[in-house]
Engineer: 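Structure provided below as structure tokens; questions to follow.
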Amino acid sequence: MWEASNHESINDGIGTSVLSVRPAGPQQPTLMCLPAFGWDATDYNFKHLMARLPSQVGLLAIDTIGVGRSIHSQMVRTVPHILANLEDVVHHEHVSNLLLVGHSLGASYAFLYAQQHLDNVCGLVLLEPPYAAMAPQLLANVQSFIENYPQLVQQRQTLTLQQLLAEVNPLNLLAERVANARIDLAAYANPSILTEAQCLPQLVTTLRTAEKRVLTLPIQVLVTDQRLTAYRQSPWCQLGHLVHAPGQHYLHWTNENFVRQQLLIALSQS
């Protein structure tokens, strides 16, 4: 069983990153998980899935600087900085044969990381990844976040654990959800997250270029039934293999069995 409480800290020169890691068995891949935009702790975000995968599979959940437990350092969360933060941790842990699992904006970072490190990535499983043509919607959402950020900072002063319990992974045990909520409460409205929002136009530009490169890696793109039509008209229809199922945007929370089955398929192909 993978315990999200087993974590370590490293200082990579950018700042201090906190991670949870389980070494892979011989010739086995390591799943590296990347969550959506926000300050949630990565290990708890994916724990219910990771805990039920074969024990010989390696697991790596990194709170990049400015999110989750990694809030004692600050980082301007540009695309290059986030990718460098991930690679510094991977290098420090001597992890190879990565299967990247990314959700939403985390899927974008997974895709870009794979392009930079093809020799160390064996595949990708992406949950509703953004694409450059979504820029108007993405930028509108992030502009709303930027405009509301001062209110979020004020809200942090009165925010309760109970309120955040409603926002964390509902599939974990109650004690895990409480621990998750405490971490998120401390990280709430972290200034590093504001810089990531402000850098989103740069990410869109980077994605627009990246989408023109077809990778030789197996890429599974998991989407909800209601968004299947849009994804069939997106670059992901050519870049990866679309698989759809009922659920909401947080597919790994709302259709756990489907996502786990797709992970097992990806593991069998790695």
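Nothing here was measured: the structure is a model prediction, and the numbers come from that model. In what follows, every heavy atom counts, from backbone to side chain, and hydrogens, waters and symmetry copies are set aside.
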Engineer: Taking side chain to side chain contact (heavy atoms under 4.5 Å, CB included) as the definition, give me every residue that meets it alongside Thr160, ordered by chain and number, with sequence neighbours left out.
Structural biologist: Gln162, Gln163
Engineer: Show your reasoning for whether side chain to side chain contact (heavy atoms under 4.5 Å, CB included) applies to Leu161 and Leu164.
Structural biologist: CA-CA 5 Å; Leu161 196 65; Leu164 280 178; 5.5 Å; no
Engineer: Ser73 side chain to Thr16 main-chain N or O, any donor-acceptor pair under 3.5 Å?
Structural biologist: yes
Engineer: With a 3.5 Å distance limit and no angle check, can you tell me whether Thr254 reaches the backbone of Gln248 through a side-chain donor-acceptor pair?
Structural biologist: yes
Engineer: After noting the C-alpha distance and the side-chain angles of Trp39 and Ile193, does the key distance pass the side chain to side chain contact (heavy atoms under 4.5 Å, CB included) rule?
Structural biologist: CA-CA 7 Å; Trp39 38 78; Ile193 294 294; 4.0 Å; yes
Engineer: Side chain to side chain contact (heavy atoms under 4.5 Å, CB included) between Leu242 and Gln220: does it pass, once the steps are laid out?
Structural biologist: CA-CA 6 Å; Leu242 287 179; Gln220 290 175 249; over 6 Å; no
Engineer: What side-chain donor-acceptor pairs closer than 3.5 Å can you find for residues 92-110, not counting sequence neighbours?
Structural biologist:
from: His103; atom 1: NE2; to: His249; atom 2: O; distance (Å): 3.0
from: Ser104; atom 1: OG; to: His249; atom 2: NE2; distance (Å): 3.0
from: Tyr109; atom 1: OH; to: Glu196; atom 2: OE2; distance (Å): 2.8

Engineer: Test side chain to side chain contact (heavy atoms under 4.5 Å, CB included) on Val221 and His241; report intermediate values, then the result.
Structural biologist: CA-CA 6 Å; Val221 182; His241 174 59; over 6 Å; no
Engineer: Here's a test for you: under side chain to side chain donor-acceptor pair (under 3.5 Å), which of Asn45, Asp40, Asp43 qualifies with Asn180?
Structural biologist: Asp40
Engineer: Only distances under 3.5 Å count here; give the side-chain donor-acceptor pairs of residues 198-210 to other protein atoms, sequence neighbours excluded, each with its distance to 0.1 Å.
Structural biologist:
from: Gln202; atom 1: OE1; to: Val79; atom 2: N; distance (Å): 3.3
from: Thr205; atom 1: OG1; to: Pro201; atom 2: O; distance (Å): 3.2
from: Thr206; atom 1: OG1; to: Gln202; atom 2: O; distance (Å): 2.9

Engineer: For residues 134-146, which side-chain donor-acceptor pairs fall under 3.5 Å, sequence neighbours excluded?
Structural biologist:
from: Asn141; atom 1: ND2; to: Gln137; atom 2: O; distance (Å): 3.4
from: Gln143; atom 1: NE2; to: Glu147; atom 2: OE2; distance (Å): 3.2
from: Ser144; atom 1: OG; to: Asn148; atom 2: ND2; distance (Å): 3.4

Engineer: If you group Ile, Leu, Val, Met, Phe, Trp and Tyr whenever their side-chain heavy atoms sit less than 4.5 Å apart, what else falls in with Tyr250?
Structural biologist: Trp253
Engineer: Listing request: all salt bridge (Lys or Arg N to Asp or Glu O under 4.0 Å) pairs with a residue in residues 109-134, at least two apart in sequence or in separate chains.
Structural biologist: Glu128-Arg227
